Amino acid sequence: GKSRGVVKDLSPGGICFQLYFDINAKTGQEVTIDSDELGHLTGIVPWYRGDRIGIRLHASSNTSAQVSAYFKYFR
C-alpha cells in the first residue's frame with residue numbers, strides 16, 4: 001500500500017510514522033520512504049500499532065548522511 005504520513009520520531013536508526021491511511025504493513029516487511037526533507041530511504045517494519053508504524057532504517061552511509069542533514073537543516 002501507499003500512504004502519506006507525519007514523522008512522529010526520527011533517529012539515525014529508525015522512524016516512527018503516523019499514517020493517514022492503513023497500508024496493511026506486516027512485521028518484517030520492507031518499506032520505502034520518499035520525503036522532500038529526507039529523500040529516498042528504505043527499511044524494515046519491526047512494529048505497527050493502529051495508525052503508527054515503526055521503520056528500522058537500513059544502515060548505510062547514505063542513510064546516515066540524509067538523517068544528519070535533516071537534523072542540521074530542517075530542525
Side-chain angles (χ1 to χ4, degrees):
K2 188 175 185 178
S3 176
R4 297 179 69 85
V6 176
V7 175
K8 291 298 193 175
D9 191 22
L10 174 66
S11 72
I15 297 176
C16 173
F17 270 114
Q18 184 169 11
L19 300 173
Y20 295 153
F21 304 102
D22 185 11
I23 61 170
N24 295 315
K26 305 292 182 226
T27 301
Q29 182 176 3
E30 186 166 16
V31 294
T32 300
I33 302 158
D34 287 311
S35 164
D36 292 339
E37 293 86 5
L38 293 167
H40 181 82
L41 301 170
T42 58
I44 300 292
V45 176
W47 60 268
Y48 57 93
R49 292 180 194 99
D51 63 349
R52 292 196 180 204
I53 183 173
I55 302 168
R56 185 177 59 241
L57 297 173
H58 290 307
S60 74
S61 57
N62 186 46
T63 298
S64 296
Q66 287 170 277
V67 172
S68 294
Y70 172 81
F71 283 123
K72 183 175 181 181
Y73 296 110
F74 293 104
R75 269 192 141 208

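Treat the numbers as computed from the prediction; the structure is a model and nothing was measured.
- Side-chain heavy atoms closer than 4.5 Å link hydrophobic residues (I, L, V, M, F, W, Y) into clusters, and following such links, even through other members, never connects Ile44 to Leu41.
- Taken from CD1 in Ile55 to OG1 in Thr32, the straight-line distance is 9.0 Å, to the nearest 0.5 Å.
- Contact record, Asp22 with Asn24: OD1-N, 2.9 Å, taken as the closest heavy-atom pair.
- Taking both residues in full, the closest heavy atoms of Pro46 and Gly54 are given as CD-O, 3.0 Å, listed atom of the first, atom of the second, then distance.
- Residue Ile53 holds its CD1 atom at 15.0 Å from NZ of Lys8, rounded to the nearest 0.5 Å.
- Once rounded to the nearest 0.5 Å, the distance linking OH of Tyr20 with NZ of Lys2 reads 15.0 Å.
- Considering OG of Ser35 and CD1 of Ile15, their distance stands at 8.0 Å, rounded to 0.5 Å.
- Counting heavy atoms from C-beta on, the side chains of Leu57 and Ile33 come closer than 4.5 Å.
- In this structure, Val45 and Lys26 have side chains that are not in contact, with every pair of non-hydrogen atoms separated by 4.5 Å or more.
- In this structure, CD in Gln29 is found 6.5 Å from CD1 in Ile23, a value given to the nearest 0.5 Å.
- Under the 3.5 Å distance criterion, the side-chain polar atoms of Gln18 are left unmatched by any main-chain donor or acceptor of Val6.
- One hydrophobic cluster, built from ILVMFWY side chains closer than 4.5 Å, holds both Val7 and Tyr48.
- Put simply, the side chain of Thr63 gets close to the backbone of His58: a donor and an acceptor are under 3.5 Å apart.
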